[in-house]
2 protein chains.
Amino acid sequence: MEEGTSNSPSDCCSTDRDYDIHQWDAREDCEVRQILDRIADKWSLLVIALLEKRTLRFTELRKSIDGISQRMLTTTLRQLERDGLIERTVYPVVPPRVDYALTELGCTLHETIKALVVWTETNQAKIISARRSYDERASEKLW
Amino acid sequence: MEEGTSNSPSDCCSTDRDYDIHQWDAREDCEVRQILDRIADKWSLLVIALLEKRTLRFTELRKSIDGISQRMLTTTLRQLERDGLIERTVYPVVPPRVDYALTELGCTLHETIKALVVWTETNQAKIISARRSYDERASEKLW
DNA sequence: ATCCTCGGTTCCCTATTGTAACCAAGGCTG
DNA sequence: CAGCCTTGGTTACAATAGGGAACCGAGGAT
């Protein structure tokens with residue numbers, strides 16, 4: 001009744017109670033998901049990766065992260081600071097000098113982020129070839 | 001000359017050659033960065049986390065991932081499939097049945113993603129309290 | 001007096017994402 | 001046999017996030 005009743009290939013695992021597999025992503029307002037959204041972010045990832053080496057100034061970050069806009073760098077840094085992952089130090093000088101450094105918490109996060117980066121570096125060839133064959137198959141189907 | 005010459009706190013580390021700290025994020029079109037952008041994505045992360053447990057159908061994924069739109073689920077799944085991280089199996093039945101499963105490559109990625117999720121679960125209390133104190137400090141400064 | 005620096009903020013416009021409606025194809029219901 | 005149901009999408013349009021560029025403030029250098 002719920003399945004494709006006549007000819008579905010295997011009617012074995014489709015009752016409703018199976019849906020709550022993970023609890024942490026059940027509700028959209030789940031804290032863990034909110035935090036993941038912030039951490040697993042294009043720019044946050046790069047900022048944390050860069051700050052692991054050493055403290056950097058605003059402009060150093062901007063130059064290091066090719067393609068980031070000043071607006072997004074500011075926003076990203078503020079969010080990371082709010083989450084206690086980086087520390088912002090303002091020196092009352094002119095022109096202003098602002099240093100950004102990983103906090104202890106940020107350092108622990110860097111460990112897992114590094115694992116992600118390493119995984120990507122290790123497997124990038126596989127992914128690129130997967131894309132190539134996918135695109136080939138897709139263009140074949142057009143004919 | 002380059003620094004705040006008169007009264008900057010520590011003129012020790014600001015020559016230009018220091019900027020190329022990581023090579024993998026030097027150029028925006030870097031493959032690793034492109035792949036990271038795709039992987040470290042709000043929805044991709046959740047899809048991979050869910051598929052680790054078992055193969056799921058399109059509708060099961062949609063129900064499991066609260067807040068995802070049908071359009072974004074489709075898009076996300078296509079990208080993951082293209083990258084060789086998940087496998088899409090279409091059964092020629094009516095109504096259609098489409099199963100999604102992690103590939104071997106996807107499984108290896110899941111390991112590192114799980115580390116990220118575990119980190120988040122472990123440290124969410126710290127982050128939440130960091131946010132609270134940040135917000136308090138911010139509201140104080142308004143007065 | 002004017003220009004320069006750094007670390008932003010603001011404005012405007014484009015690009016990505018969400019919302020909702022529609023679709024195909026065949027089985028089931030009346 | 002007409003019309004409705006199902007799943008797994010696609011399409012058109014609205015909202016929101018992000019990029020680009022201009023501007024700013026404070027004081028030192030020219």
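So you know, we letter chains A, B, ... as the sequences are listed, proteins then strands, and number each from 1.
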(request) Look at the side chain of Asp41(A) and the backbone N and O of Ser44(A), then say whether any donor-acceptor pair between them is shorter than 3.5 Å. (result) yes

Closest listed nucleotide, where the reference is the side chain of [X] and the choices are [options]:
{"X": "Phe58(B)", "options": "dA25(C), dC6(C), dG8(D)", "value": "dG8(D)"}
{"X": "Arg71(B)", "options": "dA12(D), dT6(D), dT9(C)", "value": "dA12(D)"}
{"X": "Val94(A)", "options": "dG8(D), dA26(D), dG7(C)", "value": "dA26(D)"}
{"X": "Arg57(A)", "options": "dT17(C), dT10(D), dC6(C)", "value": "dC6(C)"}
{"X": "Pro96(A)", "options": "dG18(C), dG19(D), dG7(C)", "value": "dG7(C)"}
{"X": "Ser69(B)", "options": "dG19(D), dG7(C), dT19(C)", "value": "dT19(C)"}

Could you tell me the separation between the [atom1] atom of [X] and the [atom2] atom of [N], rounded to a whole number of Å?
{"X": "Lys42(B)", "N": "dT16(D)", "atom1": "NZ", "atom2": "P", "result": "13 Å"}
{"X": "Glu81(B)", "N": "dG8(D)", "atom1": "CD", "atom2": "P", "result": "14 Å"}
{"X": "Arg97(A)", "N": "dG28(D)", "atom1": "CZ", "atom2": "P", "result": "18 Å"}
{"X": "Ile68(A)", "N": "dA17(D)", "atom1": "CD1", "atom2": "P", "result": "17 Å"}
{"X": "Met72(B)", "N": "dA15(C)", "atom1": "CE", "atom2": "C1'", "result": "12 Å"}
{"X": "Leu61(A)", "N": "dC6(C)", "atom1": "CG", "atom2": "C1'", "result": "13 Å"}
{"X": "Asp37(A)", "N": "dT16(C)", "atom1": "CG", "atom2": "P", "result": "19 Å"}
{"X": "Leu56(A)", "N": "dG7(C)", "atom1": "CG", "atom2": "C1'", "result": "15 Å"}

Identify every side-chain donor-acceptor pair in residues 71-81 of chain B under 3.5 Å, counting partners at least two apart or on other chains, and give the distances.
residue	atom	partner	partner atom	Å
Thr74(B)	OG1	Gln70(B)	O	2.8
Thr75(B)	OG1	Arg71(B)	O	2.8
Thr76(B)	OG1	Met72(B)	O	2.7

(request) Please determine if a side-chain N or O atom of Thr59(A) lies less than 4.0 Å away from the OP1 or OP2 oxygen of dC6(C). (result) no

(message) With a 4.0 Å limit, can you tell me whether Trp43(A) has a side-chain N or O closer than that to the phosphate oxygens OP1/OP2 of dG19(D)?
(response) yes

(message) I want to check something: taking the side chain as every heavy atom from C-beta on, are Leu61(A) and Leu51(A) in contact at a cut-off of under 4.5 Å?
(response) yes

(message) Is the shortest side-chain heavy-atom distance between Tyr100(A) and Thr55(A) below 4.5 Å?
(response) no

(request) Tell me, yes or no, whether the heavy-atom count around Gln34(A) atom CD, taken from other residues, nucleotides or ligands under 6.0 Å, exceeds 12. (result) yes

(request) Would you mind classifying the nucleic acid contact of Arg62(A) as base, sugar-phosphate or nothing, using non-hydrogen atoms under 4.0 angstrom? (result) nothing

